[in-house]
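Encoded as structure tokens, the structure appears first; notes follow it.
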Amino acid sequence: MLENMTGLKRTHYCGEVDETILGQEVVIMGWVQHRRDHGGLVFIDLRDRTGLLQTVFNPQEDEATHLKSHDVRSEFVLALRGTVRRRPEDMVNPNLKTGQVEVFIRELRVLNRAQTPPFQVEDHADVNENVRLKYRYLDLRRPKVLNNFILRHQVASLTRNYFADKGFLEVETPVLTKSTPEGARDYLVPSRVNQGQFYALPQSPQLFKQLLMVAGLDRYCQIVKCFRDEDLRADRQPEFTQVDLEMSFVEQDDVIEMLEGYIRLLFKDIMNLELPPHFPRLTYDQSMRRYGNDRPDLRYDLEIVELSDVLAHSEAKVFAESLARGGCIRGICAPGAASFSRKQLDDLVAFAISVGAKGLAWIKITDEGWQGPLAKFLTDEEKAAVAKTLAAKIGDVIFFGADTVEVVASVLGQIRSRVAQELGLVQEGQFRLVWVTDFPMFEYDAEGKRWAAVHHPFTSPRDEDLDILESDPGRVRAKAYDLVLNGNEIGGGSIRIHRPDVQAKVFKALGIDEEEAQLKFGFLLDALGYGAPPHGGCAFGLDRIVMLLAGAPSLRDVIAFPKTQKATCPLTDAPGTVDLRQLMELGLRLDIKKS
RNA sequence: GGGGACGUAGUGAAGUGGUCUAACACGUCUGCCUGUCACGCAGAAGAUCGCGGGUUCAAGUCCCGUCGUCCCCGCCA
């Protein structure tokens with residue numbers, strides 16, 4: 001019943017058939033999108049990667065072929081031979097790229113049949129994501145899904161071209177490498193020939209690209225898979241792809257300039273958008289103060305404003321107490337938010353609590369005065385001062401955060417983005433890029449009671465802060481920079497340490513003694529001792545960039561075979577158990593606690 | 001580790017303790033149809049309401065547990 005292709009060679013993709021080849025005989029191959037049987041005439045829409053094409057089976061032209069078309073069903077794989085004709089004028093389909101023409105079929109071969117698909121292979125079909133992922137090969141047949149991967153290909157291709165043009169060499173770094181206990185959890189791979197020992201899958205090729213700089217390769221770039229065994233989010237997958245690069249004999253601005261050129265090219269070629277030659281910059285401190293995080297969404301204002309001075313003597317208990325404990329009071333003025341319902345405000349308070357606040361004070365400014373739980377505790381002078389500081393007017397709502405500096409920043413930062421969404425301040429198609437610079441070198445890890453690297457331990461401190469590396473590590477700033485797009489960190493990098501003495505000092509500040517440093521990173525320290533050039537680089541999240549350019553809500557939409565939130569794959573059912581024999585070969589025995 | 005939402009034919013989804021013997025739409029199957037294109041018309045099949053336990057005269061509906069999916073916090077150098 002099935003036929004082969006022998007003697008037929010595809011002449012055109014479906015999407016290529018148009019008015020320029022009227023009258024020509026074409027051979028097309030693809031999947032049945034839809035069959036419309038009018039008893040006499042039969043229409044079959046054939047689909048391939050390039051689009052849809054209407055084919056016509058007319059019993060008067062070819063009775064046998066027409067008869068054959070009756071047994072065809074959705075998603076059958078066909079080879080069709082026929083003649084391209086212009087459609088009658090009132091039969092043109094403007095929704096189809098090929099809607100001006102149709103192909104009258106004289107030969108039909110069923111290359112393969114298909115079971116009824118679990119969901120309709122159409123853009124408008126609304127399907128549960130788990131079902132889509134289980135049948136991802138069907139999901140990927142849908143044009144909207146496919147388009148994300150065409151876009152992804154374009155981004156990857158432009159990336160390679162751009163960096164190749166700029167003299168970067170593409171070098172592959174190992175996937176089986178050494179576990180580095182700093183940072184994220186590693187995915188481990190047991191070694192059979194070295195029992196009891198493990199490789200780690202790289203969280204990034206960081207150390208290898210630095211070694212390539214020591215080697216004198218000067219400029220390196222790689223589109224590379226990285227792995228982190230941490231809990232997932234919509235914008236976080238356990239394996240993801242980085243555009244990883246490194247340059248020698250550069251300082252921060254050299255790297256930034258190179259990357260600005262790259263991002264400008266992406267937006268120009270893919271989005272047809274002209275970005276400014278330089279992107280705005282914020283220091284980490286500015287960003288934390290004004291936006292509550294280190295990845296500010298600049299598509300809207302709603303800045304966080306310091307109110308500690310203005311409310312220094314406030315009667316309100318929450319304000320007085322947090323100031324007394326060394327915390328702060330900050331506020332956001334949400335223009336026009338007085339239209340929020342009581343439920344909306346209650347939901348915001350609940351949201352604030354869910355992200356770590358003890359509560360969220362708000363005040364509505366109406367023509368009848370200030371309304372809200374805290375309004376009566378504020379004097380007229382305080383109201384005036386608050387209104388002036390926030391430029392608040394009638395119709396606005398002010399949200400107050402009073403707690404430690406960290407909690408206030410984090411909570412108001414999240415309130416800021418939620419309020420912006422609810423007020424409709426986020427416009428589709430806007431792209432706001434910003435560099436965040438001058439990150440702190442270290443942050444105090446209260447749990448481990450030690451200083452930890454904010455970026456990674458190979459990041460160079462700023463020259464002027466070298467002196468306080470030991471005395472005041474919390475104040476040391478790093479030569480590190482993140483690129484933020486619409487509130488998403490899409491890339492980050494730094495100038496690295498190239499001097500062994502500085503690297504040793506940083507390890508010391510991190511509480512890593514010489515022996516431990518030698519054990520974990522000895523090969524890097526050795527390399528730095530053999531003439532490492534000043535160098536720095538960056539890594540971009542390719543998946544995230546594609547996600548944002550595609551306007552997709554999740555990384556899963558731009559990864560061909562992504563994992564679920566529990567890091568499983570509905571298609572392959574990975575991860576899975578293995579045979580006892582496989583474990584024995586590796587010298588492993590399971591010891592799983594049942595809870 | 002924690003908070004929240006969801007789970008009903010192949011798919012989407014209605015349902016708020018009592019004709020639920022489970023609506024509707026798409027898909028599937030059968031028949032009819034020569035200009036449709038998310039074709040149309042007539043008919044049919046298809047659901048132990050995620051799983052387990054409980055409350056109740058009565059559970060898709062309420063409660064507890066469990067599994068799965070999603071969103072968020074922690075975590076992600």
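None of the values given here were measured: they were computed from a predicted structure.
Between the OH atom of A:Y135 and the C1' atom of B:G10 there is a distance of 9 Å, rounded to whole Å. Distance, A:R85 CZ to B:C37 P: 21 Å, rounded to whole Å. Counting to the nearest Å, the P atom of B:G35 and the CZ atom of A:F57 are 17 Å from each other. A:K563 has its NZ atom 17 Å from the C1' atom of B:U69, to the nearest Å. A:L412 has its CG atom 16 Å from the P atom of B:C73, to the nearest Å. Between the C1' atom of B:C29 and the CD atom of A:Q115 lies a distance of 16 Å, rounded to the nearest Å. The distance from atom CZ of A:F43 to atom P of B:C33 is 16 Å, rounded to the nearest whole Å. Look at CZ on A:R556: it is 7 Å from C1' on B:C70, rounded to the nearest Å.
Judged by Watson-Crick or G-U wobble contacts below 3.5 Å, the nucleotide B:A5 has B:U69 as its partner.
The phosphate of B:C37 has neither OP1 nor OP2 within less than 4.0 Å of any side-chain N or O from A:R87. For B:U69, one of the phosphate oxygens OP1 or OP2 lies less than 4.0 angstrom from a side-chain nitrogen or oxygen of A:T564. Contact check, A:T568 against B:U69: a side-chain N or O comes under 4.0 Å of OP1 or OP2.
Using a 4.0 Å heavy-atom criterion, one finds that A:E102 contacts the bases of the nucleic acid, with or without backbone contacts as well. Using a 4.0 Å heavy-atom criterion, one finds that A:Q60 contacts the bases of the nucleic acid, with or without backbone contacts as well. Counting non-hydrogen atoms under 4.0 angstrom, A:N130 reaches the backbone sugars and phosphates but no base. Within the nucleic acid shown, A:N58 comes within 4.0 Å of at least one base atom, counting heavy atoms only. At the heavy-atom level, A:P570 lies nowhere under 4.0 Å from the strands shown. Heavy atoms of A:D90 sit nowhere under 4.0 angstrom from any nucleic acid atom. In this structure, A:V42 reaches neither bases nor backbone, as no heavy-atom distance under 4.0 Å exists between it and the strands shown. Within 4.0 Å of A:A452, counting heavy atoms only, lies no atom of the nucleic acid at all. Contact annotation for A:F104: base contact, defined as any heavy-atom pair under 4.0 Å involving a base atom. Across all strands, A:S204 comes closer than 4.0 Å to base atoms (heavy-atom distances). Within 4.0 Å (heavy atoms only), A:D126 reaches sugar-phosphate atoms of the nucleic acid but no base atom.
For B:C72, its base never sits under 3.5 Å from the side chain of A:R418 at any donor and acceptor pair. Under 3.5 Å, the side chain of A:R73 and the base of B:G27 form no donor-acceptor pair of N or O atoms. One donor-acceptor pair, N or O on each side, does fall under 3.5 Å between the base of B:C75 and the side chain of A:R236. With hydrogens and angles ignored, a donor-acceptor pair under 3.5 angstrom links the side chain of A:D231 to the base of B:G74.
Salt-bridge formation is detected for the pair A:K358/A:D403: a Lys NZ or Arg NE/NH1/NH2 atom is positioned less than 4.0 Å from an Asp or Glu carboxylate oxygen.
Between A:F439 and A:Y284, the angle of the ring planes lies from 30° to 60°, which puts this pair in the tilted group. Relative orientation of the A:H66 and A:H70 rings is perpendicular, given thresholds of 30° and 60° on the angle between their planes.
If you check the side chains of A:R106 and A:T65, you find no donor sitting under 3.5 Å from an acceptor. Side-chain contact check for A:R462 and A:Q252: no donor-acceptor pair (N or O, by modelled atom type) lies under 3.5 Å. Side-chain polar atoms of A:Q203 and A:D186 form a donor-acceptor pair below 3.5 angstrom. Between the side chains of A:D244 and A:Y220, at least one donor N or O sits under 3.5 Å from an acceptor N or O.
As rounded to the nearest Å, B:U61 and B:A22 have C1' atoms that lie 12 Å from one another.
Distance from the side chain of A:E230 is smallest to B:C76 among B:G27, B:C76, B:A38.
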